[in-house]
Number of protein chains: 2
Amino acid sequence: MVTIDDVAKRAGLSKSTVSRVINDYPHVSIKKKEKVFEAMKELGYVPNSSARSLRNKKTQMIAVLIPRIMNPFFGQLAESMELQAAKHGYQLLICQTMYSKETELKHLELLKMKQVDGMILTSIENEWDVVKEYLSYGPMILCNEFEEEATIPTVKFDQVHGGYVATKHLIRQGHTKIAYCTGGQKSNVGQHRRRGFDLALEEFHLSFDERHGFYDAFSIEDGIRIFKQINQMPDPPTAVFTGSDEVAAGIITGAKEYGVKVPEALAVIGFDNQVITKLMDPKISTVEQPIPFLAKRAVEVMVDRIHHKGNDEEVYEYPLELIIRESTVSPIRAVE
Amino acid sequence: MVTIDDVAKRAGLSKSTVSRVINDYPHVSIKKKEKVFEAMKELGYVPNSSARSLRNKKTQMIAVLIPRIMNPFFGQLAESMELQAAKHGYQLLICQTMYSKETELKHLELLKMKQVDGMILTSIENEWDVVKEYLSYGPMILCNEFEEEATIPTVKFDQVHGGYVATKHLIRQGHTKIAYCTGGQKSNVGQHRRRGFDLALEEFHLSFDERHGFYDAFSIEDGIRIFKQINQMPDPPTAVFTGSDEVAAGIITGAKEYGVKVPEALAVIGFDNQVITKLMDPKISTVEQPIPFLAKRAVEVMVDRIHHKGNDEEVYEYPLELIIRESTVSPIRAVE
């Protein structure tokens with residue numbers, strides 16, 4: 001059998017350097033890494049981790065379920081997890097549910113078939129009662145999305161606070177008629193944001209006009225559609241909480257087309273702090289979700305669960321931050 | 001053993017309906033699907049496809065290797081493949097290489113370990129001699145990226161034509177000093193685009209000023225950096241071939257900041273036709289890569305290879321299309 005010593009000899013490097021490369025430690029030069037990989041290939045050496053995984057039926061792989069990689073929030077979350085997983089010696093398999101219950105169940109089978117060591121759920125399409133059945137096959141954790149009744153580790157943002165600070169900011173700009181947009185209504189993330197929105201309205205003794213509620217709002221196209229609806233209202237809102245930078249960009253694009261000034265005639269606040277917020281004119285005020293923190297902790301907790309460490313009931317919650325740009329602050333209205 | 005008849009009885013549906021749901025045929029109502037999945041869960045029924053895969057060691061899974069899901073071109077390509085794979089009853093596992101040779105090799109191990117039935121490569125980080133070794137473990141195809149020496153099915157765009165039509169468009173607007181941006185220089189995709197760029201210059205007896213070549217250009221930030229370099233040149237180019245909508249958006253953002261008018265003082269053409277091209281002001285001229293066609297054919301060819309059908313040498317090539325918007329056509333210069 002080919003050993004790590006053979007690889008070291010062939011590569012002309014020390015055994016410890018080879019070990020550092022194989023175990024993915026930092027501070028090894030690219031050149032040395034390439035030499036090691038070349039030697040491994042030439043000798044047909046299978047690193048211990050793979051050999052070990054064959055014995056233990058561990059795969060050193062983690063699957064992450066996300067709705068769509070084209071949603072920049074989830075794309076960035078998966079990318080951050082990828083970088084973190086690599087640090088722990090794990091590969092990340094990205095599985096899109098495409099908002100389908102059926103596809104979600106198929107991906108959950110990865111756990112059943114022992115194709116992965118653990119699974120991170122960033123969204124949930126099926127009822128929790130259905131999903132939790134898969135816990136008997138391997139560890140799962142929740143990241144971003146959450147379930148009140150779930151007894152698995154959860155890493156999440158404080159969405160109530162996010163909804164609250166964004167809405168309060170709009171109210172402080174003098175707005176009393178604020179529209180509310182949301183994507184999936186089943187999502188607890190969305191429900192908590194709404195709770196924050198309602199809390200801010202209550203605090204300022206404002207009421208919500210149900211006609212100013214917009215649902216299934218995910219994309220730029222949805223934002224354009226919503227703007228057109230607002231534009232036709234006899235008593236339109238003067239500000240919009242969008243819950244999404246893409247929806248905000250769509251509303252602004254629609255407003256430009258119809259010559260409606262943002263923020264003077266219509267203030268718009270996004271959510272996520274995606275790159276697009278800085279490219280639009282006006283630049284979009286938004287709520288930043290610090291994705292790298294969430295991803296780092298989620299992978300750490302996942303790896304712990306794979307090694308049967310940590311507490312099932314643990315919940316990690318991260319704060320969200322309001323970022324004020326041009327789409328909400330008009331020189332006339334500004335009172336902050 | 002639980003059979004499909006048991007599931008049908010429990011769900012209160014016909015056996016053929018249950019079969020249609022399990023095999024993912026279209027035109028079955030969500031309600032019926034849910035009933036079937038519920039009955040399957042309750043009875044612990046493992047569909048034939050899973051049972052079959054356990055017997056044949058087939059996984060009904062295809063892996064796609066992409067550099068980064070946050071690159072909208074690759075994100076969209078993976079999403080289109082996901083939809084196509086589902087139609088063929090396959091799950092797609094998305095693996096990011098993050099432009100790393102090492103990570104690419106780790107993901108290729110999926111084939112060695114029989115974790116997937118086949119692998120689609122949309123990019124290649126290692127030398128082809130290294131990658132081709134994995135062909136002994138299972139079928140691979142190339143999609144988007146290509147290798148002249150590779151003897152595996154390849155599905156690609158005609159990048160030479162893409163580079164040519166974009167450059168010719170700039171020349172026809174009166175430009176003679178055209179800058180060239182590119183991402184990875186190793187990529188054959190990039191090299192073919194450059195060949196098209198050079199062909200157009202030759203046709204009009206124009207020469208390329210090496211100082212107008214910009215490399216490692218991938219992102220919006222890179223575009224801003226490139227604009228600043230151009231802006232400091234004593235003899236700057238009047239047009240830029242970017243090879244990327246994001247780089248184009250970055251250059252336009254930089255130009256706005258410094259009060260340089262696009263397209264009057266600097267014409268900019270993107271590549272991909274991403275959503276961002278329609279949101280920027282000016283809207284970005286670009287070259288459309290019809291991703292869904294590429295994804296559809298790639299999945300079809302992959303499934304064929306898994307079933308040992310098709311010819312290893314086959315190459316499918318799709319044309320690219322020039323889309324003219326505001327970032328290249330100034331009312332003064334327009335001669336087309």
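Throughout, protein chains are lettered first and strands after them, A, B, ... in sequence-line order, and every chain is numbered starting at 1.
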Gap between atom CG of A:Leu110 and atom CE of B:Met61 - 0.5 Å precision: 4.5 Å
Which portion of A:Glu38 sits near chain B, non-hydrogen atoms under 4.5 angstrom: neither
Separation between CE of B:Met113 and CD of A:Gln115, rounded to the nearest 0.5 Å: 12.5 Å
Contacting moiety of A:Ile276, where chain B heavy atoms sit under 4.5 Å: side chain
NZ/A:Lys256: more than 12 non-hydrogen atoms of other groups inside 6.0 Å: yes
Heavy-atom proximity to chain B below 4.5 Å, by part of A:Ile220: side chain
Pick from B:His107, B:Gln76, B:Met280, B:Lys101 with the largest number of heavy-atom pairs that fall under 4.5 Å of chain A: B:His107
CE-CE distance between B:Met70 and A:Met70, expressed to the nearest 0.5 angstrom: 9.5 Å
CG-CG distance between A:Asp281 and B:Leu279, expressed to the nearest 0.5 angstrom: 12.0 Å
Rounded distance (nearest 0.5 Å) linking atom CD1 of B:Ile69 with atom CG of A:Leu92: 8.5 Å
Closest non-hydrogen atom pair between A:Gln96 and B:Glu82, with its separation: NE2-OE1, 3.2 Å
Neighbour count >12 (heavy atoms, 6.0 Å) for atom OH, B:Tyr137: no
Heavy-atom proximity to chain A below 4.5 Å, by part of B:Met98: side chain
Heavy-atom side-chain contact between B:Ile94 and A:Cys95 under 4.5 Å: no
CD on A:Glu104 to CZ on B:Phe37, rounded to 0.5 Å: 11.0 Å
Part of B:Glu34 lying under 4.5 Å from any heavy atom of chain A: side chain
